[in-house]
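What follows is one structure encoded as structure tokens, with my remarks underneath.
Below, chain A is the first sequence line, B the second, and so on; all start at residue 1.
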2 protein chains.
Amino acid sequence: MTTVNALSEVAALMGDPARAAMLSLLMDGRAHTASDLALAAGVTAQTASGHLGRMAEANLLAVRAQGRNRFYRLASGDVAHAIESLMALAGTRAQPASRSAAWRRDPDLRFCRTCYDHLAGQVGIAVTDSLTQHGHLEPKGSHDWKLTPSGELFCMRVGVDLGGARQATTRHFARQCLDWSERRPHISGALGSAIADTFFKKGWAEKLRRGRTVRLTDSGRRAMTRDFGASV
Amino acid sequence: MTTVNALSEVAALMGDPARAAMLSLLMDGRAHTASDLALAAGVTAQTASGHLGRMAEANLLAVRAQGRNRFYRLASGDVAHAIESLMALAGTRAQPASRSAAWRRDPDLRFCRTCYDHLAGQVGIAVTDSLTQHGHLEPKGSHDWKLTPSGELFCMRVGVDLGGARQATTRHFARQCLDWSERRPHISGALGSAIADTFFKKGWAEKLRRGRTVRLTDSGRRAMTRDFGASV
DNA sequence: ATGATAGTTCGGTATACACCGAACCATTGA
DNA sequence: TCAATGGTTCGGTGTATACCGAACTATCAT
């Protein structure tokens, strides 16, 4: 009885085409915004919101509010496993699903991209790691960083507009942003944005025309080695 | 696209409470009649028929027509696996589902029971094995047996009403019946029925009041050893 | 043949729910 | 403060489908 209902309920959640499309996208293991998922499912934001709420309620998805975005991801490996076995049943290969595979396989995107207004991917992680390893940045709480005195000096030296970043009073200064291709936090918030601006202003990096991919220039690579002590 | 639709379709099939109840029952690995499944799902025979047809169409179930019954079972281990992982998601233990567990755990029922009008379970298998090993019975086609001349003599010796069995012209004479607790064929049809009758008439076995369980008597055990060369 | 049982097909009803428009709340940046 | 953006809540509409009654086919027993 109970066990049967539980089975039908979770299966029914996956049984809707829009929800299945969302789950399919989430099978890449990354977190996606509600808008992103709405687009993937081909429904409006309202409809998507309803779907996402129900799946989160049923513990199929986990949510993390970040700024004005809400990131949804699969709640556990068990969920991914169940979806995978259903996909296998349908005679289709599970993991290399067309859309998410394109993401995963794009090495440039994994290497460096914008995440909102700051840097993500391997470069974003490398920058953050460098700052923490040199004692410029310390974790503060579970969602923020603290910029140390040595960190302030470092920023001034490499030309990060700290003053501008501090003027944005309504914005979080140094935020931890989870990177879902690297599965580790990188720096965001006003400071993260200012750091990214520095990269673009100094010609260390440049945005590609389409998408979120960012190209690290030769001088950018040199700066990574020279200023951050990181080889990427 | 295609992969997404396939996911939602198979999930939707499992997402209906009635179908989930049927699948749950079928998780015991045995084959069940349409009526049986309708009862388990709490729906009428018509409704159940529709559900079963759709699941068979989608290759979730396999069907085997046997007499006027149609036996449905899970089409593959993959199907069971998918159901299991969904049940796990729902936080419920998968295998020991209340109803089927009762079946499985009843050693008397596994030992000997009626299957329609003939003997099944370990005793049914033992009788059939004895007949084939002594050359009394030979497989004929994929669904029937052939009673050899020595088999006729054997039947006459132990008192099986062969004449009566042969009179039932409209009925299959010696049929292979799949035994889903033993996963091997045993003898059914008119001959199987006649053999079972012999067991009851001679006091070798007796039906219990409720259910399909059959008790093998002491003289029945002696007969199994003496006449069939089998120890059960 | 006749009646009984297992199963399916067909038609109509009723309920569940996915969907969107509109309004609303929260966060952000000027 | 205000405007912009991301997300959610609410109400009404439309479609999909589960359900059953009734009629039908196939198998089996007398």
Side-chain angles (χ1 to χ4, degrees), chain A residues 8-9 12-22 32-39 41-57 63-72 116-118 143 164-173 175 188-190 192-194 197, chain B residues 8-9 12-22 31-39 41-57 63-72 116-118 143 164-165 167-173 175 188-190 192-194 197:
Chain A
S8 72
E9 277 166 23
L13 276 176
M14 298 180 178
D16 176 76
R19 285 192 293 263
M22 295 175 173
H32 296 264
T33 63
S35 322
D36 206 358
L37 292 161
L39 189 70
V43 295
T44 58
Q46 316 92 288
T47 304
S49 178
H51 287 314
L52 293 168
R54 289 183 58 183
M55 290 194 283
E57 174 75 17
V63 206
R64 190 195 203 279
Q66 192 157 261
R68 52 188 162 191
N69 293 312
R70 298 193 75 187
F71 285 90
Y72 289 89
Y116 197 25
D117 59 357
H118 55 271
H143 291 358
R166 287 227 161 90
Q167 275 179 2
T169 52
T170 58
R171 187 178 187 184
H172 284 112
F173 177 65
R175 196 79 171 157
S188 70
S193 179
D197 282 347
Chain B
S8 73
E9 276 166 24
L13 276 176
M14 298 179 179
D16 176 77
R19 285 193 292 263
M22 295 174 173
H32 296 266
T33 62
S35 322
D36 207 358
L37 292 161
L39 189 70
V43 295
T44 59
Q46 315 92 287
T47 303
S49 178
H51 287 314
L52 293 168
R54 289 184 56 183
M55 290 194 284
E57 175 74 16
V63 206
R64 189 193 205 281
Q66 193 157 260
R68 53 187 161 188
N69 293 312
R70 299 193 74 187
F71 285 91
Y72 290 88
Y116 197 27
D117 59 357
H118 55 269
H143 290 358
Q167 275 179 1
T169 51
T170 59
R171 186 178 187 182
H172 285 110
F173 177 65
R175 197 78 171 156
S188 70
S193 178
D197 281 347

Practice task
State whether B:Y72 places a side-chain N or O below 4.0 Å from either non-bridging phosphate oxygen (OP1 or OP2) of C:dA6.
Solution key: no
Problem - Distance in angstrom units between B:L13 CG and D:dT17 C1', rounded - result: 12 Å
Exercise for the section: Rounded off to whole Å, could you give me the CZ-to-C1' distance for the A:R175 and C:dT28 pair? Expected result: 13 Å
Practice task
Can you tell me the distance, in whole Å, between the CZ atom of B:R54 and the P atom of C:dT9?
Solution key: 13 Å
Using a cutoff of under 3.5 Å, can you pull out all pairs of nitrogen or oxygen atoms linking the protein to nucleotides 21-23 of chain C, with atom names and distances?
from, atom 1, to, atom 2, distance (Å)
C:dG21, N7, A:Q46, NE2, 2.4

Problem - Nearest-0.5 Å distance, OG of residue A:S8 to CG of residue A:L13 - result: 9.5 Å
Handout entry: Protein-nucleotide distance (B:R64, atom CZ; D:dT27, atom C1'), rounded to Å
Key = 16 Å
Practice task
Could you please name the option among C:dA6, D:dT8, D:dC19 that lies closest to any side-chain atom of B:R68?
Solution key: C:dA6
Handout entry: Euclidean distance, B:H118 NE2 relative to B:D197 CG, rounded to 0.5 Å
Key = 12.5 Å
Exercise for the section: Could you work out which one of C:dA6, C:dC20, D:dG6 sits closest to the side chain of B:N69? Expected result: C:dA6
Completion exercise
Taken to the nearest whole Å, CG/B:L37 to P/D:dC19 is 14 Å
Problem - From B:H32 atom NE2 to B:M22 atom CE, the distance as rounded to the nearest 0.5 Å - result: 12.0 Å
Practice task
Pick base, sugar-phosphate or nothing for A:A34, based on heavy-atom distances below 4.0 Å to the nucleic acid.
Solution key: sugar-phosphate
Problem - Side-chain N,O (B:R70) to OP1/OP2 (C:dA6) below 4.0 Å - result: no
Practice task
Report the residues that fulfil side chain to side chain contact (heavy atoms under 4.5 Å, CB included) with B:A21, sequence neighbours left out, ordered by chain and then residue number.
Solution key: A:V4, B:A41
Handout entry: Heavy-atom side-chain proximity of A:F71 to A:T33 below 4.5 angstrom
Key = yes
Handout entry: Separation of atom CZ in A:R19 from atom C1' in C:dA16, rounded to whole Å
Key = 12 Å
Practice task
Provide, to the nearest angstrom, the distance between the CZ atom belonging to A:R166 and the C1' atom belonging to C:dG29.
Solution key: 19 Å
Handout entry: Of the listed nucleotides D:dT8, D:dC19, C:dA18, the one nearest the side chain of A:H51
Key = C:dA18
Handout entry: Counterpart residues, side chain to side chain donor-acceptor pair (under 3.5 Å), relative to A:S193 (two or more places apart)
Key = A:D117
Handout entry: Comparing B:L52 and A:A18 on DNA chain C - which has the more 5′ nearest nucleotide
Key = B:L52
Exercise for the section: Figure out the CG/P separation between A:D16 and C:dA16, and round it to whole Å. Expected result: 17 Å
Quick one: side chains of residues 46-55 of chain A, donor-acceptor pairs under 3.5 Å with protein atoms, not counting sequence neighbours, listed by atom name and distance.
from, atom 1, to, atom 2, distance (Å)
A:Q46, OE1, A:T44, OG1, 3.0
A:T47, OG1, A:T44, OG1, 3.2
A:H51, ND1, A:R19, NH1, 3.0

